[in-house]
Protein chains: 2
Amino acid sequence: MAAPALSEAETGTLHEQIVSKLRAVLLNGELADGTRIPEAQLCLRFGISRTPLREALKVLAAEGFIELRPNRGSIVAPIDPVEVGHLFEMKGALEQMIGRLAAVRATPEDAERIERAHAALGRPADPAAYTALNQDFHRALAVATHNPVLLQSYDNLQKRVLRLRFVVNENPQRVLESFGEHEGIMVAFRARARLDLAERLEEHNRLTGEAVMRTLKGESA
Amino acid sequence: MAAPALSEAETGTLHEQIVSKLRAVLLNGELADGTRIPEAQLCLRFGISRTPLREALKVLAAEGFIELRPNRGSIVAPIDPVEVGHLFEMKGALEQMIGRLAAVRATPEDAERIERAHAALGRPADPAAYTALNQDFHRALAVATHNPVLLQSYDNLQKRVLRLRFVVNENPQRVLESFGEHEGIMVAFRARARLDLAERLEEHNRLTGEAVMRTLKGESA
DNA sequence: CGGGTCATTTTTGAATGCAAAATGTCGTCC
DNA sequence: GGACGACATTTTGCATTCAAAAATGACCCG
């Protein structure tokens, strides 16, 4: 019998579990951006002492999810429209790389995972499920590059961008456009057309970024 | 009177100082890759207790410089030829992005910094100095993108690659080639030719990577 | 009634202490 | 001579403790 596939949050050392759990809390939008994070409260919540919690905070700060202010506590990293632009720009460079590499390196298993993720995306459930499936789809392409360094950076960016969905709601118009773009991406992928795949992924990312930026600016105005 | 510009290692909280200092130690090649890092020894060396040291270790692990093995201590991240290939590949994507953006966004001040860094590189001193100046030059181009997200990722990759110089010595032949490539890069930069600059940076990175990989394979064989 | 100062409380940063896991040592047996 | 196993030692992971810095609030003065 195979091992029961423990989720990342229930294995490893205590502080590693806390990193996963706390990151999940932040990505679930439970703590609004900019709010203070009292250590004692989190210790109570997770049932641990401050030592592993503080280790986790340092790691999450390095990942860009929280901000440490010496002697003044940690805060959930504020969402800055300028930084969001930079995040999408950086993600665009990775998407291009993903396109060029995945088209060439995808194994049959990779291709099947990508097809499945794309198919799952075809039947739109609630918005929250759509977001998760969309992430899975794009991540499956990143996995197909077989470059762990790239994948780790991509995961980080994807998660940091993911936090935005609580300040800018998914725009239904944009979701519809995405379907078409995803189809185009799959066409290029099935043809293993590396430059086309790169271009379509980059453009898809750029359009999403622009939509997010418009909403961000609209709401702040 | 301006503040005396403290180096990163002497400011901020204790654990932040340790992160910088310890990273510097690793980049100086004082600890060979794969060697164990006894916590007590480092505490003694830095004159601190284990708490901030362990926080620093977690951060450096997240950055990819060390590896944490639960209950079995930390080791200096082993240099794996396959991973080195992945690092250069990822760096290549960023170099392209740097080329496309820096050509367009560089301010006159950026341009001057880049020119100065390039000029400093022209008079080759000892190999160690050359490596540092070379890093400065490429970093100056990254700064000119005015994208901090990119810059942070680039810094990380640059430093991780930097560790290699202790396992593969700078190859004089390759250094000579670099001079020519740097000239080409500057020509493209001065003309603000974004696609050319991107291509030359990418190619320069690829050639360096290939040279390193050849040496790595040669030495392991 | 508002602003400012000082004492009190809370919270953070780092050191210490303690239990569990891993490592090393020695003796035994084959 | 080498493999195995019990014991002692070391090292790690986490909880607890202590000191210093920031936040809070009471009090006074204008």
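Numbers restart at 1 for each chain; the letters A, B, ... are given by sequence-line order, proteins then strands. Source: prediction; values computed, not measured.
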* Structure fact -> Its 5'-most and 3'-most nucleotides having an atom under 4.0 Å from a non-hydrogen atom of chain A, DNA chain D is contacted over D/dC14 to D/dA23

* Asked: Is it true that the side chains of B/Ser74 and B/Arg69 contain a donor and an acceptor less than 3.5 Å apart?
  -> no

* Residues from residues 52-60 of chain B sitting under 4.0 Å of DNA chain D, heavy atoms only? -> B/Arg54

* Structure fact -> In short, A/Ala102 meets A/Thr145 closest at the heavy-atom pair N-CG2, 4.1 Å

* In terms of side-chain geometry, is the basic nitrogen of B/Lys58 or A/Glu16 positioned less than 4.0 Å from the acidic oxygen of its partner? -> no

* Asked: Less than 4.0 Å between a side-chain N and a carboxylate O, is that true for B/Glu30 and B/Arg45?
  -> yes

* To do: Kindly determine whether B/Asn134 and B/Thr131 satisfy side chain to side chain donor-acceptor pair (under 3.5 Å), including the steps that lead there.
  => CA-CA 5 Å; B/Asn134 187 43; B/Thr131 304; over 6 Å; no

* To do: Name the nucleic acid region contacted by A/Thr13, choosing base, sugar-phosphate or nothing; use a 4.0 angstrom heavy-atom cut-off, strictly under.
  => sugar-phosphate

* Which residue pairs pass the salt bridge (Lys or Arg N to Asp or Glu O under 4.0 Å) test with at least one member in residues 138-157 of chain A, sequence neighbours excluded? -> A/Arg139-A/Asp155

* **Side chain B/Arg163, main chain B/Ala77, donor-acceptor under 3.5 Å** => yes

* Atom CZ of B/Arg50 to atom C1' of C/dG17: distance rounded to whole Å? -> 10 Å

Pick out the pairs of N or O atoms, protein on one side and nucleotides 20-22 of chain C on the other, that lie under 3.5 Å.
none

* Whichever of A/Thr51 and A/Arg69 has its nearest DNA chain D nucleotide further upstream toward 5' -> A/Thr51

* To do: Return yes if some donor-acceptor pair links the side-chain N/O of A/Asn156 with the main-chain N/O of A/Ser153 below 3.5 Å, else return no.
  => no

* Asked: Between the side chain of A/Arg113 and the main-chain N/O of A/Leu141, is any donor-acceptor distance below 3.5 Å?
  -> no

* Sorted by number, the residues of residues 36-45 of chain A with heavy-atom contact under 4.0 Å to DNA chain C -> A/Arg36, A/Ile37, A/Pro38, A/Glu39

* Asked: Within the side chain of B/Asp33, is there an N or O that forms a donor-acceptor pair under 3.5 Å with the backbone of B/Ile79?
  -> yes

* **Residues A/Arg116, A/Glu112: salt bridge by 4.0 Å N-O rule** => yes

* Do you know which two heavy atoms are closest between B/Ser178 and B/His204, and how far apart they sit? -> OG-CE1, 3.6 Å

* Asked: Applying side-chain hydrogen bond (donor to acceptor under 3.5 Å, both in side chains), which residue pairs with at least one partner in residues 83-104 of chain B are found, sequence neighbours left out?
  -> A/Arg105-B/Glu89, A/Asn147-B/Glu89, B/Glu83-B/Arg160, B/Lys91-B/Glu95, B/Lys91-B/Asn205, B/Glu95-B/Tyr154

